[in-house]
Amino acid sequence: MDLGLKGKSVLITGGSKGIGLACAKSFAAEGCRVHVASRDRERLEEARQQIKGPVQTHSVDLRDGKALRALAEACADVDILVNNAGDIPGGTIEAIDEAKWRHAWELKVFGYVNLTRELFARMKARKSGVIVNVIGMAGENPSFEYVCGSTANAGLAAFTKGMGKASAASGVRVLGVHPPATRTDRIIPLMKAAAKEKLGDENRWQELAGTGSFGHMIEPEQVADMVVFLASPRAGKLSGVMVNLGA
């Protein structure tokens, strides 16, 4: 199926691995010009070699407001923004202190909000653009063992819906995707945190595979397929909606 994305440009945060890298590969396969942002220069170079098509990499810490604005300036003309960068730890409210909580939200919550603010203004001026937020099913199904991430995800879903309901009138669509547990290198630390809370030993994390929140694990490419579809003209009537990829 031709998704009508050939020649479009896209910026993907957290794009050097996992879901972000899968998205970069999928957009490149559709003929897009890809910008990939990540903190890790080495992983960025590895990602560049894996992406087949025009790609530019940006080493940036999105917790740094000045660096984020510089990234937005460098990618001011992109047609599509995929907010995906995040590294929220698992754990209960007793396990995550204020410093860890704020550090996590500086990237995933404020990183999404601030980069959207910067690029939405530019898209609105052009009367064209799409923003897709990759969030997470914990926003729909919150858990005590992932309370920081659950709360962040619920807030970002509300942000996505609120933005998207009004943005379409300006020619800009804002949408979101809630992946369930996804087979990336982030899943093991989350499973270890859950095992510590539920089983009393993080080393028993493998016992949680196939159960609870980890019972329906999908591949990064499955998330990427939905992100690319939502960003395409095939989904041109959708804005302000969240697509749940899990139950």
Side-chain angles (χ1 to χ4, degrees), residues 1-64 66-89 106-108 111-112 114-116 118-119 122 129-136 176-177 179-191 217-232 234 245:
M1 180 185 293
D2 181 3
L3 294 179
L5 287 169
K6 188 174 182 180
K8 298 291 186 180
S9 57
V10 54
L11 167 61
I12 303 160
T13 67
S16 66
K17 59 183 180 179
I19 292 172
L21 179 56
C23 287
K25 290 178 179 178
S26 293
F27 276 109
E30 292 294 327
C32 294
R33 292 174 285 115
V34 176
H35 293 262
V36 175
S38 172
R39 288 170 292 175
D40 193 321
R41 291 181 183 274
E42 186 175 336
R43 281 188 179 270
L44 278 171
E45 184 54 38
E46 292 173 359
R48 182 204 296 274
Q49 295 174 15
Q50 294 180 52
I51 299 167
K52 297 179 181 179
V55 57
Q56 293 185 45
T57 59
H58 306 266
S59 178
V60 57
D61 185 351
L62 296 176
R63 292 184 174 94
D64 181 335
K66 183 177 180 180
L68 181 146
R69 290 188 291 275
L71 174 66
E73 186 65 32
C75 301
D77 296 328
V78 294
D79 301 293
I80 301 160
L81 165 64
V82 178
N83 282 311
N84 170 73
D87 188 20
I88 298 182
E106 282 292 338
L107 178 58
K108 185 160 186 181
Y112 280 40
N114 291 336
L115 195 53
T116 294
E118 293 292 329
L119 290 183
R122 293 166 167 83
V130 183
I131 298 170
V132 183
N133 295 322
V134 180
I135 304 176
V177 176
T182 306
R183 203 180 307 277
T184 68
D185 59 3
R186 280 203 68 236
I187 200 67
I188 293 178
L190 295 179
M191 292 177 75
M217 197 175 296
I218 66 173
E219 303 300 325
E221 291 76 17
Q222 292 174 280
V223 184
D225 286 345
M226 179 56 68
V227 170
V228 173
F229 170 73
L230 291 175
S232 78
R234 294 276 183 167
L245 299 184

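Note that the structure is predicted; figures quoted are calculated from it, not measured.
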**Q** What is the minimum heavy-atom distance between Phe27 and Val227, and which atoms define it?
**A** CE1-CG1, 4.0 Å
**Q** Between Ser26 and Asp225, what is the shortest heavy-atom contact and its length?
**A** OG-OD1, 4.2 Å
**Q** Decide side chain to side chain contact (heavy atoms under 4.5 Å, CB included) for Glu30 and Ser232; before the verdict, give the C-alpha distance in whole Å, the side-chain angles of both, and the deciding distance to 0.1 Å.
**A** CA-CA 10 Å; Glu30 292 294 327; Ser232 78; over 6 Å; no
**Q** Between Arg69 and Glu73, is there a side-chain N and carboxylate O pair less than 4.0 Å apart?
**A** no
**Q** Check Leu230 against Gly176 and note the closest heavy-atom contact, atom names and distance.
**A** CD1-O, 4.2 Å
**Q** Enter the distance from Ile131:CD1 to Thr116:OG1 here, rounded to the nearest 0.5 Å.
**A** 4.5 Å
**Q** Throw together a table of side-chain donor-acceptor distances under 3.5 angstrom for residues 12-24, partners on residues two or more places apart or in other chains.
**A**
from	atom 1	to	atom 2	distance (Å)
Thr13	OG1	Asn84	N	2.8
Thr13	OG1	Ala85	N	3.0
Ser16	OG	Ser38	OG	3.0

**Q** Quick one: CD1 on Ile218 to CE on Met226, what's the gap to the nearest 0.5 Å?
**A** 9.5 Å
**Q** Say you draw a straight line from CD1 of Ile80 to NE2 of His35; how long is it, rounded to the nearest 0.5 Å?
**A** 11.5 Å
**Q** Which pair of heavy atoms, one from Asp79 and one from Lys8, lies closest together, and at what distance?
**A** OD2-CA, 3.4 Å
**Q** Checking side-chain contact (heavy atoms from CB on, under 4.5 Å) between Glu45 and each of Gln49, Arg41, Arg43, which is the one that passes?
**A** Gln49
**Q** In Å, rounded to the nearest 0.5 Å, how long is the span from CG of Leu71 to CG of Leu119?
**A** 7.5 Å
**Q** I need the Leu115 CG to Cys75 SG distance, nearest 0.5 Å.
**A** 8.5 Å
**Q** With rounding to the nearest 0.5 Å, note down the distance linking CZ in Arg39 to OG in Ser59.
**A** 10.0 Å
**Q** What closest approach, in Å, do Asn83 and Gly111 show between heavy atoms, and which atom pair accounts for it?
**A** OD1-O, 4.4 Å
**Q** Considering all heavy atoms of both residues, which atom of Val10 and which atom of Cys32 are nearest to each other, and what is their separation?
**A** CG1-CB, 4.2 Å
**Q** With side chain to side chain contact (heavy atoms under 4.5 Å, CB included) as the criterion, how do Gln222 and Leu245 come out once you've worked through the C-alpha distance, each side chain's angles and the decisive distance to 0.1 Å?
**A** CA-CA 9 Å; Gln222 292 174 280; Leu245 299 184; 5.9 Å; no
**Q** Report yes if some heavy atom in the side chain of Val134 is under 4.5 Å from a heavy atom in the side chain of Pro179; otherwise report no.
**A** yes
**Q** Please identify each residue that fulfils side-chain hydrogen bond (donor to acceptor under 3.5 Å, both in side chains) with Arg63, with sequence neighbours left out.
**A** His103
**Q** Once side-chain contact (heavy atoms from CB on, under 4.5 Å) is applied, do any residues pair with Glu42, and if so which ones, sequence neighbours excluded?
**A** Asp40, Glu46
